[in-house]
Amino acid sequence: MQETLLNNETIPRGVKRKAEDSNLACQAPKRIKALDQDVVNKIAAGEIIVAPVHALKELIENAVDAGSTSLEIVVKDGGLKLLQITDNGHGINKDDLPILCERFTTSKLKTFEDLSSIGTYGFRGEALASISHIAHLTITTKTADSSCAWRAQYADGRLTPAKPGQSTEPKPTAGRGGTQITVEDLFYNMASRRKAFRSPSEEYAKILEVVGRYAVHCKRVAFSCKKHGESAMGISTPSNASTVDSIRQIHGSAVANELIDFQVSDEKWGFEASGWTSNANYHVKKTTLLLFINHRSVESSAIKKAIEQTYSAYLPKGGHPFIYLSLDIDPQRVDVNVHPTKREVNFLNEEEIIESICTEISTKLSQVDTSRTFTTQSLLPSAKTSVPILSKTRVENPKSTQKPPPATPAKPWEYQLVRTDPQLRKITSMLPPSANSASTPAPPSTTYLTSPREPIDYNYRTIKHLRASVRDSMHAGLTAVFASHTYVGLVDLNRRIVAIQGGVKLFLVDYGMVSNEYFYQLGLTDFGNFGAIRFETPLDIRSLISIGVKHEKALGNPEDEGVPWATVPDMVTTQLVASREMLLQYFNFEVSREGKLVSLPLLMKGYTPSLAKLPRFLMRLGPCVDWVDEEGCFHTFSRELASFYTPEQLPPRALGGDDTHVGEVDGVDEAQASLEGRREDMGRVLEHVLFPAFRARLVATKGLLKGVVEVANLKGLYRVFERC
């Protein structure tokens, strides 16, 4: 016997042994024993609550079953540290609290036959019991007929005191109607399960996905979900939001704008299906399927594959759809008790139901596609195609130092071609010509005199800081668009909008906003080296400011109440006279001792600002310029100067294309003719002066994004044409 044992010790574990070499026959068989109830409960809890998201799913379904119209969810560390859900449902009776977390206690099921007609989310009564075995559970609840709320703590399915030595009975507390369930330290007694989770952010993303599913499906129920200690909501949907509105808030406008609804039913198979699915204009890399069977969020690989197969005929290769599907099946045809987490269900006539749904979706997609008709042309009328000429001569001497001809460049895709030939027709040529354009005089020629003054580089710290602020706020993409743009045409003088082409995109640009930023940057880059616009007769500053004050008072702005308008001309004139040396040195803004305006700064050749804006410009130099701080003074004065140089808004033409009418007096005719001349002069300045300057020197800042709108994208249009 001893020899046999020694031989067995030399045999490694896991190696097959012969019967005669084994001593198993000498050992008694192990007895079968019933597991301890605590072990049974923890095993069951581990099967039902696999991750924090499964606990939250059970709690959401319980809250909706309780008639809640508002659910507030708070998560900490992905739900492992804290998972709290607050609803405004019916609440829980105080007498039911002692058995609330015992296994198989439920108000939704009495007999086994009830499973065939179950209409609620929960039915087994295991969710709260399972959570109480693997977490610290606190429940605060209040019913409509209760005078106060009741709070209870649970551990291992039973009531437990909040602190050692206290009673286990529920405690009265203040609270609102409904139930608040707080789950803390999930899996605290299952170290291996807790270590298996990768990161809190990944678990939080799964929680947001589940909350988003129920927010889309549950009508007239408000959902909100956020991280603990943060004010920003991860998901927030109102109770009155429609299904499409909820999809827009959770999944974005890109998919919400491309949805089509569908409905299908069949009494023979006992089902009704409805939902929203994306059309052929939308596709992503991965299918998004929000599937609810009898209002229960489930997964079905068969339904998902069938829908993807249906869309394969409508989407490009690799494209997948978005679909929300609510499937109502006769409860007697559905078996909901087939998965511990109720993630899957079985139902009769699965293939027939799926085929009916896919047929309806295919019909809807084909109807949408037949209504989309596009007209294209393969080649522009005046486009010239360059054909590379290949040399047919062969180099005889292999040792020759002559460079080989360059390789033929690869042919670009059609959607990468850019139309920028200046000889082609532009948008302005399609507008009706003005009736009085022949009588409008050409803009007067301006005489420029060159000053012998040498440029001076003012390396002041304040100026460097202002220039650096512009560079820090630069938007690289928008700057590249302006640096290589092609001017298309003037769209609206009243709203100051032009169209430009950047690459293969067409943009509408607010040239007033862009001009303001450009002249401000010009004031910083050319600081101290401006030209001068000199008046033959110096202008009285007080009189000009008085005109600006009169106009400002006529506007009746409520913010200007209490302003001492009578003293404004004298105060501003005094300030300008006192600062005349600084203004002349840095801005070429010359003011005489008597308060006369001798010259204005000239920022660029070929463009003169509207002198109608001069009174308001001078008036604003008093209160809107910081005359105390050096950097503030340079910044605010440059901003006011840029505003003065910004092109003025001109009223639109009459509908007939002519602003004059028969029977008007000569004075009105002259005013309309002058206005038409200003319109034509503005169009010339925009195309030949301002936008070429923007192309050469503008640093587009992020603030200009509000003034630039993309209206067409050639690459996006080709995506549509591919399916035609």
Side-chain angles (χ1 to χ4, degrees), residues 446-467 516 519-552 563-605 607-646:
T446 304
T447 303
Y448 293 96
L449 302 178
T450 303
S451 173
R453 177 185 174 186
E454 293 293 331
I456 302 176
D457 188 10
Y458 290 95
N459 291 320
Y460 294 162
R461 178 187 58 83
T462 53
I463 294 298
K464 290 182 177 180
H465 184 263
L466 292 175
R467 293 171 180 170
N516 189 291
F519 285 119
Y520 171 71
Q521 296 177 13
L522 206 61
L524 297 180
T525 54
D526 295 349
F527 181 79
N529 296 284
F530 300 119
I533 302 176
R534 295 194 171 274
F535 300 104
E536 294 181 356
T537 303
L539 307 177
D540 184 63
I541 295 179
R542 284 186 177 84
S543 301
L544 292 174
I545 296 177
S546 298
I547 297 174
V549 167
K550 183 179 179 181
H551 176 72
E552 202 72 18
V563 176
W565 294 110
T567 61
V568 169
D570 291 334
M571 294 174 60
V572 177
T573 303
T574 302
Q575 181 64 57
L576 294 177
V577 171
S579 307
R580 66 183 186 279
E581 295 181 0
M582 182 271 294
L583 294 175
L584 178 60
Q585 179 181 356
Y586 297 137
F587 298 100
N588 230 339
F589 188 96
E590 187 174 354
V591 179
S592 67
R593 293 180 179 273
E594 295 77 17
K596 303 290 186 180
L597 182 61
V598 180
S599 67
L600 288 172
L602 176 64
L603 300 187
M604 67 183 306
K605 293 178 63 176
Y607 172 68
T608 303
S610 173
L611 294 182
K613 301 169 64 177
L614 183 59
R616 190 170 188 271
F617 166 62
L618 295 175
M619 181 192 67
R620 289 178 56 86
L621 291 181
C624 298
V625 175
D626 185 358
W627 297 99
V628 178
D629 180 67
E630 178 180 316
E631 182 175 342
C633 179
F634 293 158
H635 169 69
T636 53
F637 190 90
S638 298
R639 281 294 181 191
E640 293 300 323
L641 184 61
S643 179
F644 172 59
Y645 262 82
T646 300

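Numbering of residues begins at 1 and proceeds along the displayed sequence.
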* Asked: If only atom types and distance count, is the side chain of K613 paired as donor or acceptor with the main-chain N or O of S643 below 3.5 Å?
  -> yes
* Are side-chain N/O atoms of E640 and T636 paired as donor and acceptor at under 3.5 Å? -> no
* Asked: Are any non-hydrogen side-chain atoms of F634 and L466 less than 4.5 angstrom apart?
  -> yes
* **With sequence neighbours excluded, residues passing ring pair (Phe, Tyr, Trp, His ring centres under 6.0 Å) with Y458** => Y460, F527, Y586
* Asked: CD/Q521 to CG/N516 distance, rounded to the nearest 0.5 angstrom?
  -> 10.5 Å
* V591 side chain near T573 side chain, heavy-atom distance below 4.5 Å -> no
* Asked: Would you say the side chain of F644 lies within less than 4.5 Å of the side chain of L621, judging by non-hydrogen atoms?
  -> no
* About how many Å separate CZ of R461 and CD of E631, when rounded to the nearest 0.5 Å? -> 6.5 Å
* Side-chain donor/acceptor of T574 to backbone N/O of D570, under 3.5 Å -> yes
* Asked: Do the side chains of S546 and V568 get nearer than 4.5 Å, heavy atoms only?
  -> no
* To do: Could you tell me which residues satisfy ring pair (Phe, Tyr, Trp, His ring centres under 6.0 Å) with Y520, sequence neighbours excluded, listed by chain and number?
  => H635
* Asked: For the side chain of D629 and the backbone of G632, is there at least one donor-acceptor N/O pair under 3.5 Å apart?
  -> yes
* Asked: Do M582 and W627 come within less than 4.5 Å of each other through their side chains, counting heavy atoms only?
  -> yes
* **Validation row: M604, F519 side chains within 4.5 angstrom (heavy atoms)** => yes
* Structure fact -> Here the gap from Q585 atom CD to E590 atom CD, rounded to the nearest 0.5 Å, amounts to 13.5 Å
* Are L600 and L614 close enough, and set up right, to give a side-chain contact (heavy atoms from CB on, under 4.5 Å), and what steps lead you there? -> CA-CA 10 Å; L600 288 172; L614 183 59; 3.9 Å; yes
* With side-chain contact (heavy atoms from CB on, under 4.5 Å) as the test, would you mind laying out the steps for F589 and L597 before giving the verdict? => CA-CA 8 Å; F589 188 96; L597 182 61; 3.8 Å; yes
* Would you say Y645's side chain and L603's backbone share a donor-acceptor pair under 3.5 angstrom? -> yes
* Asked: Is there side-chain contact between F530 and L602, with heavy atoms separated by less than 4.5 Å?
  -> no
* Give a yes or no on whether the backbone of A642 and the side-chain of T646 come within a donor-acceptor separation of less than 3.5 Å. => yes
* To do: Supply the atom-to-atom distance N459 CG to K464 NZ, rounded to the nearest 0.5 angstrom.
  => 4.5 Å
* Would a 4.5 Å heavy-atom cut-off, applied to side chains only, mark L544 and D540 as touching? -> no
* **N/O donor-acceptor pair under 3.5 Å between N588 side chain and P601 backbone** => no
* F637/L583 under side-chain contact (heavy atoms from CB on, under 4.5 Å): CA gap, chis, key distance, verdict -> CA-CA 10 Å; F637 190 90; L583 294 175; 3.7 Å; yes
* For I533 and P609, which heavy atoms make the closest approach, and how far apart are they? -> CD1-CD, 4.2 Å
* Audit row: V598, L539, side-chain contact (heavy atoms from CB on, under 4.5 Å) steps and yes/no -> CA-CA 7 Å; V598 180; L539 307 177; over 6 Å; no
* **From CE (M571) to CE (M619), nearest 0.5 Å** => 13.0 Å
* Asked: What's the spacing between T537 OG1 and K596 NZ if we round to 0.5 Å?
  -> 10.0 Å
